[in-house]
Amino acid sequence: MGTQERKAREFAAREDLFLDTARRLILGDGLLSLTMARVAAACDYATGTLYQHFSSKEDLLLALSTLMSGDRVELFCRAAGFDGTTRDRMFALSVADVLFASQCPEHFRLAQYVFTEAVWSATSEARRTQALERSQPMCEEVRSIVRQAVDEGDLPDRGLRNLDLGVGPWTLCLGMHTLVHADGLLSFYDVNRPYGLLLQHIEFLLNGLGWKPLVDDISASHVADKVERLWRGVFHGVCDREGLHVLLSDLDTNSTNRTNRD
């Protein structure tokens, strides 16, 4: 192994150590308590060495968010690729997002933080590019589903581009995650089943877009049945069962019986 290759491997291994340590510190002490000095000290390196990898704390957090997004991208692509109608596949993307949020809530808290204007603008262009490239497969899956739906007559294009037609479900999911993670906000307004409501609103939105086959029954029990079918056909074995329990609890009073049947 040449000197340059060895140094590159050592650099990559050190960066992995910094990211793993930052994640551990965040899980233990919270996001806002993290400092560059604490990460460096926990890894037995000088703070200056940490700055050779990350230009700022914001840069470090964006890199960590990008790293943690890998499992989300994989689950998203799994949802998009199952053998169902274009509408069911679009709905499955929202289910995947909720299941992953339940399984990895720390990722969504971190992502919400790093994509604020104050943090995003303080990161390096290289880290921003890396983050956007990592999420690109999710955008491509949405484009593909919408393109197929328009081509097959499931969805009128309404003069919009493919990704523009997929923005609605994305913003609904993003908004609900934000509300859920604002501790006490939804309970103050007596909104006690947020993710069940989210999936019902996704169905209303898809109906509003004219996405066929239109759904007449958007009751909680109907959506729960749909979620359970997706769990069995797409997500079983790759997602934590607790995520399914959260969804069905939001949608159906018989959620315990449903999860026990699996």
Side-chain angles (χ1 to χ4, degrees), residues 66 69-101 108 111-112 115 117 120 128-180 194-235 238-239 247 250-251:
T66 301
S69 70
D71 290 340
R72 184 185 184 193
V73 171
E74 182 179 347
L75 189 62
F76 209 82
C77 292
R78 184 183 184 93
F82 90 99
D83 185 18
T85 67
T86 58
R87 174 167 176 150
D88 282 347
R89 287 160 61 204
M90 181 59 72
F91 180 84
L93 297 183
S94 298
V95 175
D97 213 38
V98 174
L99 290 174
F100 188 69
F108 282 89
Q112 287 168 349
F115 287 113
E117 181 182 1
W120 182 257
R128 291 197 296 267
T129 298
Q130 185 182 39
L132 293 172
E133 289 177 348
R134 176 62 70 92
S135 65
Q136 188 63 25
M138 296 192 293
C139 294
E140 290 304 321
E141 292 293 356
V142 172
R143 283 194 183 98
S144 177
I145 293 172
V146 174
R147 185 183 305 116
Q148 182 183 351
V150 171
D151 289 346
E152 295 181 358
D154 293 345
L155 176 66
D157 64 26
R158 303 183 186 279
L160 297 174
R161 300 177 305 166
N162 292 332
L163 190 58
D164 292 343
L165 285 165
V167 163
W170 177 25
T171 53
L172 280 178
C173 288
L174 183 62
M176 188 59 79
H177 291 315
T178 300
L179 294 175
V180 167
Y195 286 128
L197 288 172
L198 167 65
L199 295 182
Q200 287 180 275
H201 277 281
I202 293 291
E203 290 283 54
F204 285 124
L205 174 64
L206 296 178
N207 270 0
L209 289 170
W211 203 316
K212 301 176 184 176
L214 300 180
V215 176
D216 294 328
D217 184 0
I218 307 182
S219 64
S221 60
H222 167 83
V223 177
D225 288 340
K226 194 168 185 176
V227 167
E228 188 175 17
R229 290 195 300 272
L230 285 170
W231 169 264
R232 294 179 181 279
V234 181
F235 302 114
V238 296
C239 286
L247 266 179
D250 273 9
L251 288 163

With rounding to the nearest 0.5 Å, note down the distance linking [atom1] in [X] to [atom2] in [Y].
X      : Y      : atom1 : atom2 : result
Ser219 : Glu203 : OG    : CD    : 10.0 Å
His201 : Phe204 : NE2   : CZ    : 7.0 Å
Asp88  : Ile145 : CG    : CD1   : 10.5 Å
Ile202 : Met176 : CD1   : CE    : 9.5 Å
Leu230 : Cys239 : CG    : SG    : 11.0 Å
Leu199 : Leu172 : CG    : CG    : 10.0 Å

Any donor-acceptor N/O pair, [X] side chain to [Y] backbone, under 3.5 Å:
X      : Y      : value
Thr171 : Val167 : yes
Arg89  : Ala80  : yes
Ser144 : Glu141 : no

How about [X]: does its [atom1] atom have over 12 heavy atoms from other parts shown lying under 6.0 Å from it?
X      : atom1 : answer
Asp83  : CG    : no
Glu117 : CD    : no
Glu74  : CD    : no

For this session: Determine, stepwise, if the pair Leu251 / Ser221 fulfils side-chain contact (heavy atoms from CB on, under 4.5 Å).
Result: CA-CA 6 Å; Leu251 288 163; Ser221 60; over 6 Å; no
Exercise. Please, which pairs that meet salt bridge (charged side-chain N to carboxylate O under 4.0 Å, His left out) have at least one residue in residues 147-169, sequence neighbours excluded?
Worked result: Arg161-Asp164
Exercise. Side-chain donor-acceptor pair under 3.5 Å between Ser94 and Trp170, yes or no?
Worked result: no
Heavy-atom distance under 4.5 Å between the side chains of [X] and [Y], does that happen here?
X      : Y      : value
Val95  : Trp231 : no
Asp250 : Leu197 : no
Leu205 : Trp211 : no
Phe108 : Phe100 : yes
Val215 : Leu206 : no
Met90  : Thr85  : no

For this session: Determine whether the aromatic ring centres of His177 and Tyr195 lie less than 6.0 Å apart.
Result: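 Judged by ring-centre distance (under 6.0 Å), His177 and Tyr195 do meet the cut-off.
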To check you understand the geometry: which heavy-atom pair defines the closest contact between [X] and [Y], and what is its length?
X      : Y      : value
Pro137 : Val73  : CB-CG1, 3.8 Å
Leu155 : Leu165 : CD2-CD1, 4.0 Å
Phe82  : Ala92  : CE2-CB, 3.8 Å
Thr66  : Ala131 : OG1-CB, 3.2 Å

For this session: List in chain and number order the residues that pass side chain to side chain donor-acceptor pair (under 3.5 Å) with Arg72, two or more places apart in sequence or in another chain; answer none if no residue qualifies.
Result: Asp97
For this session: Show your working on side-chain contact (heavy atoms from CB on, under 4.5 Å) between Val142 and Leu93 and close with a plain yes or no.
Result: CA-CA 9 Å; Val142 172; Leu93 297 183; 3.9 Å; yes
For this session: Go through the steps to decide whether Arg87 and Leu214 satisfy the test side-chain contact (heavy atoms from CB on, under 4.5 Å), and finish with yes or no.
Result: CA-CA 9 Å; Arg87 174 167 176 150; Leu214 300 180; 4.2 Å; yes
